[in-house]
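Below is one structure; the comments refer to it alone.
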Amino acid sequence: MNSGDTAWLLTSTALVLLMTPALAFFYGGMVRRKNLLSTIMMSFAILCMVSILWIIYGYTMAFGPDVKGLIGNFSWLGLLGVGQDPSTVYATTVPHLAFMAFQATFAIITVALWTGAVVERIKFGALLAFAALWFTLVYCPVAHWVWGSGGWLAQLGALDFAGGTVVHVNAGISALALALVLGPRRGFKEGETMEPNNIPYVVLGAALLWFGWFGFNAGSALTAGRLAANAFVTTNTAAASAGFTWMLLGWIHRRPSVVGAATGAVVGLVAITPAAGFVQPWAAIPIGAIGSVISYYVMVWRAKANKVDESLDVFACHGMGGTWGALATGIFATTAVNTGGSGLIDGNWKQVLIQVVAIAATMVFAFGVSWLLAKALKATMGLRVKDEEEAVGLDISQHGENAYGGV
Amino acid sequence: MNSGDTAWLLTSTALVLLMTPALAFFYGGMVRRKNLLSTIMMSFAILCMVSILWIIYGYTMAFGPDVKGLIGNFSWLGLLGVGQDPSTVYATTVPHLAFMAFQATFAIITVALWTGAVVERIKFGALLAFAALWFTLVYCPVAHWVWGSGGWLAQLGALDFAGGTVVHVNAGISALALALVLGPRRGFKEGETMEPNNIPYVVLGAALLWFGWFGFNAGSALTAGRLAANAFVTTNTAAASAGFTWMLLGWIHRRPSVVGAATGAVVGLVAITPAAGFVQPWAAIPIGAIGSVISYYVMVWRAKANKVDESLDVFACHGMGGTWGALATGIFATTAVNTGGSGLIDGNWKQVLIQVVAIAATMVFAFGVSWLLAKALKATMGLRVKDEEEAVGLDISQHGENAYGGV
Amino acid sequence: MNSGDTAWLLTSTALVLLMTPALAFFYGGMVRRKNLLSTIMMSFAILCMVSILWIIYGYTMAFGPDVKGLIGNFSWLGLLGVGQDPSTVYATTVPHLAFMAFQATFAIITVALWTGAVVERIKFGALLAFAALWFTLVYCPVAHWVWGSGGWLAQLGALDFAGGTVVHVNAGISALALALVLGPRRGFKEGETMEPNNIPYVVLGAALLWFGWFGFNAGSALTAGRLAANAFVTTNTAAASAGFTWMLLGWIHRRPSVVGAATGAVVGLVAITPAAGFVQPWAAIPIGAIGSVISYYVMVWRAKANKVDESLDVFACHGMGGTWGALATGIFATTAVNTGGSGLIDGNWKQVLIQVVAIAATMVFAFGVSWLLAKALKATMGLRVKDEEEAVGLDISQHGENAYGGV
Amino acid sequence: MLKKIEAIIRPEKLDAVKDALEASGILGMTVTNVNGRGRQKGIALQWRAGEYRVDFLPKIKLELVVAGEECQAAINTICTAAKTGREGDGMIFVLPVENAIRVRTSDCGEECFSRQ
Amino acid sequence: MLKKIEAIIRPEKLDAVKDALEASGILGMTVTNVNGRGRQKGIALQWRAGEYRVDFLPKIKLELVVAGEECQAAINTICTAAKTGREGDGMIFVLPVENAIRVRTSDCGEECFSRQ
Amino acid sequence: MLKKIEAIIRPEKLDAVKDALEASGILGMTVTNVNGRGRQKGIALQWRAGEYRVDFLPKIKLELVVAGEECQAAINTICTAAKTGREGDGMIFVLPVENAIRVRTSDCGEECFSRQ
Ligand SMILES: Nc1ncnc2c1ncn2[C@@H]1O[C@H](COP(=O)(O)OP(=O)(O)O)[C@@H](O)[C@H]1O
Ligand SMILES: Nc1ncnc2c1ncn2[C@@H]1O[C@H](COP(=O)(O)OP(=O)(O)O)[C@@H](O)[C@H]1O
Ligand SMILES: Nc1ncnc2c1ncn2[C@@H]1O[C@H](COP(=O)(O)OP(=O)(O)O)[C@@H](O)[C@H]1O
């Protein structure tokens, strides 16, 4: 056991945990004022719920002893046998509990990510139900495939340093499925103006996400050493590069926007996630910049098409950002950084194919299951609040609260 | 000296330090707008003041060489002899200064905690005076009893991993005493509506408290290893469990409330504090959940009784949460986690009794001294602002400031 | 390579990175509402831009192999040769990339600091241009002089633990130069009221700065050990002492103000920066307190003189705070803390002279180059927005955004 | 004669009312966030544990100055668009206006509305 | 005849005025946050070092439309409840109202107040 | 006769108007943040990618009650100070006031303005 590694992993876990409330503010600032609390509450309630589900059965499903490459078995149910001694399989220099906790924070934020697609109209009860089911039937399996010892995508050689497919592609495509089933917000088709209520909150959220992402990516090295330093630098570089690029895109079009820069930074963080510990620092510049360009234009196109109200563009940011990042990992990975992965620039073009397989498998599976789950919930408990509740706002109608009280 | 342990303890200290401003926002969001700054300022000013008092005389009183189990002597006045070398008594693998700094952050936040009971009406000067006296005459002794080498409760075998009695019971019961002497806010008896001015701030505060609490509890292991990992997991689990439980309680009654979930999470963190390094991860689920149920109904009862205006329910949250946590430590502690403590589930029913003694001693002492101090200040400098100043709000009357300026 | 040191340096880097968004809120809260986003955006865009410039050419200019004590050569361009192995010169127990990243965060925040002088009227394009030039022609050289291996001020024996001259004097004096060339805000001379729009943001910013500053100062020990602990304690003590002192100064004059306490804390952090790893904990009390007194009265005097609209008093806070801190280092440094430095209290009065040289050199160079750069930009692209854009506010006119949307 | 119409409506009805007025050719209006109290007795909001009552509810005040002959039509439009049939739908008040001046053109009275 | 009473009062007096009006049977009213200036010359607020003057002070505007005969009573009630005797207590203005319509019921004029 | 002047102006013109009124001896006024719509058709704001239109723009409503004979002068002062010549400069409305009461002194009508 190594105290330095443990210190870093615990710190990283705390940092990643903070990302979910950060997301709450990032998303909360972008909705209309009457739905601010409701949007925040989605992340907060998921933080509570998934924390518990993870230790009860999530961890063993995702990381427990492998069953045919598809899922972990239930031998670690309720953390049985997951203790203060290091695991022999994962993160062998730190207490097994620390690795478990670190992974918990990933599960939490992944579930919270897709809430951006359904804000301002989903019933709170339905949100929680979908979250619990999605966590169980989508997140845990996909995490096992890619990160679980024996997972089939891991076996195949798919590279995903900190969650390009497991977290971002997964959440992004599921967001789309859920938004399709749920339907658009009242007034969306008519082009009603939906102003962000609090841009400082968006920046606060983005800043805390950036901060926490050091734990996400550099923590995924699982040791406090060479790889962590590399991942740290690529993370910051990609965020900066993408934030600046997005700002420039807005500027070319009209003006350099603050929400734009914040969004860009997050997209850069998404894009570098799978690559952080495999690519060189300079590579983070194009990874971030191209990520921003892709997400930007997907977002423009989604807005123009005006067909799906994927409200806060989780698909454009996380789905596309994660897809690009996963591909970029296949391109820029080099053994000069990490002996565990070589990509196109090392002459290994096969890696790109493997990445495509991982992305495609995740997309198909996550979209399919999410769609079915959403349909099932819609048919049974119903997904949407009443029209009238939507008009009044979810803060009052779902939570009986006002963000800013007092006359 | 161990660099990993030092890294973790310094990180933890920074995390705990952040909790006091976090508390400022947690409390600040719950008062009326005209008292927002004043509420924030209470925590901020205490952060400044206690930081200084601690290094001058607080540390030696709490942790200095023991005098009859009751208090530390003055041999470390002004940090004399507290240097870069490790202490031989406390946290022997890190610089003594690091341990001292870590403890400073506990003293700071404990003093800030009870301010929630007296917001919106206390004179700022009186608040500071009471804070300085309370820190000296209540916090330092109690900290010595439980954590000081040779303290009588430590000798007795009381278990308090990170401050259930020293911090939460202590602050909670003192809050009650001070609120009783100070009297209710204008309009309290008449049932005037006092709306929380900014619920997003409440969530921001709760989120940063949660984040910082990893330093509080997992840092209290004082090393970056097995115990820290255990405390980390129990901390997160209890917060989640209590947050979710509180949300459900609100839902049963009417709606799942955001302030409720945030409050619940904090109560869960309180409840797990004394237990974090003694109990198994699964035990954190009932510890958090029961903590929420207790605090919830004490709060309901306090509101119904409408007798004491303990404004932000420090007693219900911290006093009762801490009491339950201290008892729960006596119940769930097991040598499987920490050889230093075994409780009822290990068959050691005596531990529960010892815990009761520790709670009772703290309650009686803290209530008594706080009451006397409050009475003394009331008689001399006066505790309350003028009626008219209270009506205008403390931001303007005490600090000459407006939270949000500009027409 | 030491995992504990690496853990601490990565953590510290994340902490310092957070300080730039923290500064965004600290400054953002103090301007008028119509310029809130614009002020936040200055820091955020600089964070993105300097992150990239640093890895491309900044790091090699500041820390690359020395050229005549004045600047680093270009051999590390694009991080060539800066890898996962430790440097042989800097921070030899951690990956070179980690040291590079840590230093990046210093460059970023230094550039962001002087934006406080030019808020509410500078053209966004001009701001970025000035920032890029200033970073290249002022920050990198001065950083090399003081911290680069072979830098002339380092050779001379100037002590600057974490950036009193490199960061604070440098940014403070440049702020003055830029403000002089840019000219005052509309209405400044006429004494128009310019109310801070959001004091809670000021406190939030100050709190996160305080939190991040532990990385800034204690991280500058570059190891997780004795010196880090010392720097940690002096940092907290100076912040507290200065915050409390400023509050008292306001109280003597009229009332204890919240913005005052927050400002004071920041000034204390500035003042202790160069001294943190050289002086004893007790010395941080006078260093902080005197820093507050100096900055407070410089600010009063600036306001009375009403000549220069150095809007958020970067010179008073950082320029003067940093100057005092650098001098105080010469006075209070002692080999009992750090064998690397002895000051007046060790009988080494020469150190004070050396400190004066370092301050003077930085001031003259930074003021001169900043003034010339500002003049050049004014003559070419123009520095100010149009009168009408200034009246409407920079949020709308520069960024096409409203902080708080919705009717 | 010019009239000033002050309509207190539900915030969630603002878009509908605005669109309805636009459809009937009325663009000029001023909107204010207000808090109101009437038949609708306030609502209960959730507190940490239990709930509390709020007497004033957020409403939107719409002010439009129109020529006398357009007044009734505007009132009808607003009434139709703002109605839900439940308590709290709001009130419309009509006040006399003696004069109106367009700052940009210094036009006075009805002419400042007619000359688009 | 209906009258509109516009009262500008101190924010801290809102509760007292509301309760006093309620006691005298008046429930319907609309409240707005405004900033005002009058005899009371603004106040000095603390800045980081030193202070600055603010010309406008936060006030509450209360609007209530009442039947003509109740008008004087309402004014008296407000005056009594809102008074402190120091500068800044505020002003009450009375304006004529030509018509009032209850959106929910489409009742007009005085009848929309009478039929509770 | 007392008159109430309601001026809707650009927020950035508030200081100029306030100073101009002060120069011509008018201190008492009430200011409200409102949102308005008129000839000026709203503006386009930046969203993450692309932009969106906002129909209502922030405006300031100035309310001042003056004696009838001062009314025209006040209107002129406001017009001059608030004008930029571009769309969106705003409107001024004049309403009749039946009575005014100073809460502090209970003075009524014009006398409550005269007795400074
Ligand atoms: N007499 C009044 N004077 C001024 N405003 C009033 C008056 N009565 C009602 N209002 C305003 O109208 C709003 C709706 O009134 P309410 O009586 O609740 O509507 P409804 O008639 O649909 O039940 C109130 O919130 C208040 O703002
Ligand atoms: N002539 C006026 N027109 C409109 N509002 C006014 C006028 N005079 C005063 N007010 C409003 O009344 C408030 C109180 O006025 P002030 O003169 O300060 O009260 P007092 O008479 O008690 O000293 C002001 O802040 C302003 O909002
Ligand atoms: N008929 C009206 N009734 C009420 N307010 C109006 C009316 N017309 C304009 N306004 C107010 O005046 C503001 C400016 O009007 P606008 O027509 O844009 O000015 P301009 O005449 O300078 O172009 C609007 O934003 C709105 O608040």
Side-chain angles (χ1 to χ4, degrees), chain A residues 1-11 13-15 17-18 20-22 24-25 28 36-38 40-41 44-45 47-52 55-56 78-79 82-85 94-98 100-101 104-105 124-125 198 201 204 224 395 397-407, chain B residues 2-9 11 15 32-34 93 194-200 203-204 206-208 210-212 214-215 218 223-230 232-233 236-237 239-244 247 250-251 254-259 261-262 264-265 280-282 284-285 336-337:
Chain A
M1 193 130 59
N2 179 305
S3 67
D5 293 348
T6 306
W8 177 235
L9 200 64
L10 293 180
T11 303
T13 308
L15 287 172
L17 200 284
L18 184 63
T20 298
F25 279 82
L36 166 54
L37 291 181
S38 136
I40 288 177
M41 183 65 164
F44 200 85
L47 165 54
C48 293
M49 188 176 69
V50 176
S51 286
I52 302 297
I55 71 168
I56 297 181
L79 299 188
V82 178
Q84 298 180 18
D85 290 318
V94 305
H96 196 172
L97 279 174
M100 187 284 301
T105 58
F124 185 63
N198 198 319
Y201 283 173
L204 179 66
D395 290 6
S397 74
Q398 299 293 293
H399 305 289
E401 283 167 300
N402 239 331
Y404 309 111
V407 166
Chain B
N2 180 305
S3 66
D5 292 348
T6 306
W8 178 237
L9 199 64
T11 303
L15 288 171
R32 284 165 294 174
R33 182 150 57 245
K34 61 184 176 181
T93 61
M194 300 187 178
E195 280 194 88
N197 77 85
N198 198 318
I199 296 180
V203 179
L204 179 67
L208 291 176
W210 189 327
F211 176 61
F214 291 122
T223 49
R226 307 168 55 93
L227 212 51
N230 192 90
F232 198 108
V233 173
N236 192 62
T237 305
S241 158
F244 205 76
M247 187 189 86
W251 211 342
R254 190 149 169 267
R255 292 222 179 80
S257 115
V258 180
V259 206
Q280 287 190 305
W282 66 262
I285 300 180
V337 168

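By convention in this document, chain letters (A, B, ...) are assigned in the order of the sequence lines, proteins followed by strands, and residues within each chain are numbered from 1.
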Non-hydrogen atoms of chain A under 4.5 Å away: do they reach the side chain of [X], the backbone, both or neither?
{"X": "B:Pro196", "answer": "backbone"}
{"X": "B:Asn2", "answer": "side chain"}
{"X": "B:Thr11", "answer": "side chain"}
{"X": "B:Leu204", "answer": "both"}
{"X": "B:Ala284", "answer": "neither"}
{"X": "B:Val233", "answer": "side chain"}
{"X": "B:Phe244", "answer": "both"}

Where on [X] is there a heavy atom nearer than 4.5 Å to chain B: the side chain, the backbone, both, or neither?
{"X": "A:Leu10", "result": "both"}
{"X": "A:Met49", "result": "both"}
{"X": "A:Thr105", "result": "neither"}
{"X": "A:Leu37", "result": "both"}

Are [X] and [Y] packed together at the side-chain level, in the sense that at least one heavy-atom pair is separated by less than 4.5 angstrom?
{"X": "A:Ser3", "Y": "B:Trp8", "result": "no"}
{"X": "A:Glu401", "Y": "B:Ser257", "result": "yes"}
{"X": "B:Leu208", "Y": "A:Leu18", "result": "yes"}

Requested in this report: Heavy atoms only, distances under 4.5 angstrom: which of A:Asp85, A:Asp395, A:Val94 has the most pairs with chain B? Name it, please.
Outcome: A:Asp85

Report task. Work out which heavy atom in B:Ala207 is nearest to a heavy atom in A:Pro21; give both atom names and the distance. Result -> CB-CB, 3.4 Å

Report summary line: Heaviest contributor of heavy-atom pairs below 4.5 Å to chain A, chosen from B:Ala262, B:Gly225, B:Gly243, B:Pro256, is B:Pro256

Report task. Heavy-atom pairs under 4.5 Å with chain A are the metric here; pick the option from B:Lys34, B:Arg32, B:Met247, B:Arg255 that has the most. Result -> B:Arg255

Query - Geometric class of the A:Phe44/B:Trp210 ring pair [parallel <30°, tilted 30-60°, perpendicular >60°] - result: perpendicular

**Report entry** With B:Arg33 via side chain to side chain contact (heavy atoms under 4.5 Å, CB included) - residues at least two apart
**Finding:** B:Asn197, B:Tyr404

Query raised in the report: Donor-acceptor pair, B:Arg226 side chain versus A:Pro95 backbone, under 3.5 Å?
Result: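 Absent.
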
Requested in this report: Output yes when a side-chain donor or acceptor of A:Gln84 lies under 3.5 Å from a complementary backbone atom of B:Asn230, and no otherwise.
Outcome: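 Not at all, since once roles are kept as given, no pair shorter than 3.5 Å links the two residues.
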
Query raised in the report: How long is the span from the CG atom in A:Leu79 to the OG1 atom in B:Thr237, to the nearest 0.5 Å?
Result: 7.5 Å

